[in-house]
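As structure tokens, the structure follows; a few thoughts come after it.
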Amino acid sequence: MRITTWNVNSIKQRAGHLLAFLAEAKPDVVCLQELKCQDEAFPRAEVEEAGYRVETLGQKAYNGVALLVRAPLALAEIRRGLPGDEADIQARYIEGVVSGADVAPVRVASIYLPNGNPVASEKYPYKLGFLERLRRHARTLMRAETALVLAGDYNVIPEAEDAADPEAWRADALFLPQSRAAFRALLAEGLTDGLRACDPRAGVYTFWDYQAGCWPRNQGIRIDHLLLSPQAADRLVSASVQKHLRGLEKPSDHVPVTVELRDA
DNA sequence: ATGACTGGCCCTGCCAGA
């Protein structure tokens, strides 16, 4: 089973690239972030026509997450929002269980973690609060001792080697010691960073800013992650970054990241 | 040199992203 996470930075702008990616890569599960539209504006018919089941959690203009699952795989037990988020309108979390005839089930979440800048504003504590709610929810889910993949745009640069110019990020919400500590606390629940496990080299990036020629100069950062429970990590075959999509016309500033799990 | 872009909104500069 191949599971992809991709922050598309507006699904309306990126529908063409998404459909091309589905046709070319045929991922079994796709976790999308930054839809930037309400549920009724998601290009559901086109994605279903491409052979995928669709569950979305959208909102007007900002945020928005979705799960796509390639038929005949099933998608059940959908959860929208984290426990403790009930009064929060920010559309940043959707989860479901993927299952099929010859496939051991995998619980998958699509997560759009808050950016957290500016650090002096209320946005930074909101980011840390979200990370803590996610850690608690991960702990709950992991008690089931089944395969779990928490995938998404974490807006956290875990280590200096995950940025081309770490000094430029030193005071940024993506790289502050508190952000990195909260991310490590999540990993310490027993999760494995899937891409890191398969490719421990420095300089593997998933995001390049549109500005300042970041892409041609390869001034990237690694902030899109797939975190695996032990039962999922036992099934990990490979992980890869679909970097070529950053070179297309009108690209997202993020590229897809994919892990492949054995079926059982 | 320390700039540089993109998307949504609902129409015009501004907020947000990272």
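Here is how names work: the chains are called A, B, and so on, in the same order as the sequence lines, proteins then strands, and each is numbered from 1.
Going from atom CZ of A:Arg92 over to atom C1' of B:dA16 covers 11 Å, rounded to whole Å. Whole-Å rounding puts the A:Asn7 CG to B:dA16 P distance at 17 Å. A straight line from CD of A:Gln59 to P of B:dC15 spans 18 Å, rounded to a whole angstrom. Rounded to whole angstrom, the span from the CH2 atom of A:Trp208 across to the C1' atom of B:dG17 amounts to 17 Å. Straight-line distance from the CD atom of A:Gln219 to the C1' atom of B:dT2: 13 Å, rounded to whole Å.
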Side chain to side chain donor-acceptor pair (under 3.5 Å) evaluation trace for A:Lys123 with A:Asn117: CA-CA 6 Å; A:Lys123 292 184 179 183; A:Asn117 285 305; over 6 Å; no
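Judged by distance alone, with hydrogens and angles left aside, the side-chain atoms of A:Arg53 form a donor-acceptor pair with the main-chain N or O of A:Leu73 at under 3.5 Å. Between the side chain of A:Arg79 and the backbone N or O of A:Gly81 there is at least one donor-acceptor pair closer than 3.5 Å.
Here, B:dC10 and B:dT6 have their P atoms 23 Å apart, quoted to the whole Å. With P as the reference atom, B:dG8 and B:dA18 are 14 Å apart, rounded to whole Å. B:dG7 and B:dT12: their C1' atoms are spaced 14 Å apart (whole Å). Straight-line distance between the P atoms of B:dG13 and B:dG3: roughly 24 Å, to the nearest whole Å. Between B:dC15 and B:dA1, the two P atoms lie 31 Å apart (nearest whole Å).
A:His137 and A:Glu95 form a side-chain donor-acceptor contact under 3.5 Å, judged by distance and modelled atom types alone. If you check the side chains of A:Thr5 and A:Asp224, you find no donor sitting under 3.5 Å from an acceptor. Side-chain atoms of A:Tyr210 and A:Asn9 include a donor-acceptor pair closer than 3.5 Å. Remark: the A:Thr258 side chain and the A:Glu260 side chain contain no N/O donor-acceptor pair separated by less than 3.5 Å.
By the side chain to side chain donor-acceptor pair (under 3.5 Å) test, A:Asp165 pairs with no residue at all, sequence neighbours left out.
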Summary of protein contacts for nucleotides 4-13 of chain B, nucleotide by nucleotide, where a base hit scores B, a sugar-phosphate-only hit scores S (4.0 Å, heavy atoms): BBSSSSS---
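Using a 4.0 Å cut-off, no side-chain N or O of A:Tyr112 falls inside it from OP1 or OP2 of B:dA16. Of the side-chain N and O atoms in A:Asn117, none sit less than 4.0 angstrom from OP1 or OP2 of B:dA18. Within the 4.0 Å cut-off from OP1 or OP2 of B:dG17, not a single side-chain nitrogen or oxygen of A:His254 is found.
Listed by residue number, the members of residues 122-133 of chain A with any heavy atom below 4.0 angstrom from DNA chain B are A:Lys123.
Within the 4.5 Å cutoff, the side chain of A:Leu176 has heavy atoms near those of the A:Tyr124 side chain.
Between the side chain of A:Asn115 and the base of B:dA18, a donor-acceptor pair under 3.5 Å is found.
In this structure, A:Phe130 and A:Tyr126 have tilted ring planes: the angle between them lies in the 30° to 60° band.
In this structure, A:Asp165 reaches neither bases nor backbone, as no heavy-atom distance under 4.0 Å exists between it and the strands shown. Contact annotation for A:Asn63: no contact, since no heavy-atom pair falls under 4.0 Å across all strands. Within 4.0 Å of A:Asp253, counting heavy atoms only, lies no atom of the nucleic acid at all.
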